[in-house]
Amino acid sequence: MDPFLQIGSLSRAYRNGEVETQALDAVSFEVAAGEFVALMGPSGCGKSTLLNILGFLDAPDSGSYRLRGEEVATLSDARLTRLRRAHVGFVFQSFNLIDELNVAENVEVALLYRSVETRRRRVDALLEQVGLAHRARHRPRQLSGGQQQRVAIARALAAEPDLILADEPTGNLDSANGAAVMDLLKGAAAAGTTVIMVTHSALHAAAADRTIRMLDGRIVGETRL
């Protein structure tokens with residue numbers, strides 16, 4: 001069976017004046033469908049750059065990125081936008097919820113192209129899944145950090161993506177809320193969604209199927225659990 005995602009010799013550099021920084025240097029790996037992968041490494045090692053490329057928010061300078069067998073590294077911005085909407089859900093450390101919308105509306109924004117009835121059923125089911133059905137009409141500022149992150153995960157799951165990209169999803173949470181968020185991500189992977197998570201926490205990385213360690217834009221090791 002072909003891998004869900006294939007990265008081959010992916011490189012990305014950034015230039016600031018006369019200084020060039022090699023964010024990614026010939027990175028190669030594969031991820032199976034439904035696999036939960038943790039990316040670890042010190043700040044500045046290329047983890048977030050890699051996550052942005054996987055989510056079509058940035059483009060590599062060279063190398064190959066195949067998603068479900070399709071080469072996407074050289075696609076147009078319009079095509080990448082359609083792929084992102086169809087296949088990718090994002091979870092950020094800072095939650096990125098919309099303050100002017102309530103909890104249900106924040107989840108619903110990922111479903112704007114579906115019928116009203118379908119949207120409401122899906123939102124209700126997701127808020128029940130993350131334990132926040134009773135908070136559906138609250139605004140983000142009325143929630144704790146852990147509750148806001150659970151809303152963000154519900155939003156990421158709303159459109160039933162193939163791939164969830166989580167950038168330090170537990171970084172602003174205490175241990176109990178971090179564990180709850182990890183349970184949700186593990187549940188998504190168990191249901192067949194591929195999850196790739198950037199984390200500095202060895203404890204949370206241990207919940208993944210595999211940990212990829214990065215240093216200076218390169219992969220320097222892997223651990224399969």
Side-chain angles (χ1 to χ4, degrees), residues 4-5 31 33-37 48 51-58 67-68 70 72 75-173 177 180-198:
F4 170 77
L5 181 155
V31 179
E35 189 176 8
F36 187 171
V37 176
S48 292
L51 212 67
N52 286 340
I53 290 174
L54 295 179
F56 316 122
L57 298 175
D58 197 358
L67 183 67
R68 290 190 175 279
E70 180 183 6
V72 299
L75 293 179
S76 69
D77 289 344
R79 174 64 175 149
L80 291 176
T81 297
R82 290 194 294 271
L83 282 175
R84 185 166 55 247
R85 289 174 178 168
H87 294 287
V88 184
F90 293 94
V91 181
F92 302 98
Q93 179 178 350
S94 56
F95 320 133
N96 285 12
L97 300 178
I98 302 170
D99 290 335
E100 292 74 20
L101 303 180
N102 64 33
V103 164
E105 291 166 340
N106 265 281
V107 177
E108 192 176 357
V109 295
L111 298 167
L112 294 180
Y113 296 101
R114 302 189 185 185
S115 69
V116 173
E117 183 178 353
T118 300
R119 294 202 305 261
R120 288 176 178 170
R121 286 201 305 267
R122 180 68 175 155
V123 170
D124 289 346
L126 284 166
L127 291 181
E128 189 69 36
Q129 179 181 337
V130 301
L132 289 173
H134 64 297
R135 294 282 199 171
R137 303 305 164 201
H138 287 69
R139 298 293 178 90
R141 62 179 175 271
Q142 297 174 293
L143 306 181
S144 69
Q147 289 171 330
Q148 290 187 61
Q149 192 61 294
R150 281 186 275 156
V151 175
I153 291 175
R155 181 183 59 191
L157 292 169
E160 300 172 282
D162 300 314
L163 174 63
I164 287 182
L165 300 174
D167 194 357
E168 289 283 355
T170 62
N172 288 332
L173 306 180
N177 281 305
V181 165
M182 291 305 301
D183 285 342
L184 289 170
L185 292 176
K186 287 189 291 184
T193 302
T194 304
V195 179
I196 300 178
M197 174 185 70
V198 166

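Residue numbers start at 1 and run along the sequence shown. Given the structure is predicted, the values throughout are model-derived calculations rather than measurements.
A search for side chain to side chain contact (heavy atoms under 4.5 Å, CB included) contacts involving V103 returns L127, L143, V151, not counting sequence neighbours. Not counting sequence neighbours, the partners of R79 by the side-chain hydrogen bond (donor to acceptor under 3.5 Å, both in side chains) test are E70. Applying the ring pair (Phe, Tyr, Trp, His ring centres under 6.0 Å) test to F4 and every residue at least two apart in sequence or in another chain returns nothing. For E128, the side chain to side chain contact (heavy atoms under 4.5 Å, CB included) test picks out A133, with sequence neighbours left out. For T81, the side chain to side chain contact (heavy atoms under 4.5 Å, CB included) partners are R84, R85, not counting sequence neighbours. F95 meets the ring pair (Phe, Tyr, Trp, His ring centres under 6.0 Å) test with no other residue; sequence neighbours excluded. Considering only residues two or more places apart in sequence or on other chains, R135 meets the side-chain hydrogen bond (donor to acceptor under 3.5 Å, both in side chains) condition with H138. Listed by chain and residue number, R210, R224 satisfy the side-chain hydrogen bond (donor to acceptor under 3.5 Å, both in side chains) test with E35 (two or more places apart in sequence, or in another chain). For F56, the ring pair (Phe, Tyr, Trp, His ring centres under 6.0 Å) criterion is met by Y65, not counting sequence neighbours. Residues that satisfy the side-chain hydrogen bond (donor to acceptor under 3.5 Å, both in side chains) test with D124, not counting sequence neighbours, are absent from this structure.
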Stepwise side chain to side chain contact (heavy atoms under 4.5 Å, CB included) test for M182 and M197: CA-CA 10 Å; M182 291 305 301; M197 174 185 70; 3.7 Å; yes
Verdict with reasoning, L83 to V88, per side chain to side chain contact (heavy atoms under 4.5 Å, CB included): CA-CA 8 Å; L83 282 175; V88 184; over 6 Å; no
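Of all the heavy atoms in P169 and L185, the pair that sits closest is CG-CD1, 4.0 Å. In terms of heavy-atom proximity, P161 sits nearest to A156 at CG-O, 3.2 Å. R122 approaches L157 most closely through the heavy-atom pair NH2-O, 2.8 Å.
Looking at V91 and L165, their side chains never come closer than 4.5 Å, going by heavy atoms from C-beta outward. In this structure, D167 and F90 have side chains that are not in contact, with every pair of non-hydrogen atoms separated by 4.5 Å or more.
A donor-acceptor contact shorter than 3.5 Å is absent between the side chain of Q149 and the backbone of G146. No donor-acceptor pair under 3.5 Å is formed between the side chain of T170 and the backbone N or O of L173. In this structure a side-chain-to-backbone donor-acceptor pair under 3.5 Å is present from N106 to L101.
In this structure, the separation between CD1 on I164 and NE2 on H87 is 14.5 Å, given to the nearest 0.5 Å. Within the model, atoms CG of L132 and CD of Q148 stand 10.5 Å from one another, a figure rounded to the nearest 0.5 Å.
Residue pairs meeting the side-chain hydrogen bond (donor to acceptor under 3.5 Å, both in side chains) criterion with at least one member in residues 90-100, sequence neighbours excluded, are Q93-N172, S94-N96. Here salt bridge (charged side-chain N to carboxylate O under 4.0 Å, His left out) pairs that include residues 146-165, with residues two or more places apart or in two chains, are R68-D162, R114-E160.
None of L163, V72, T194 except one satisfies the side chain to side chain contact (heavy atoms under 4.5 Å, CB included) rule with L5; the exception is L163.
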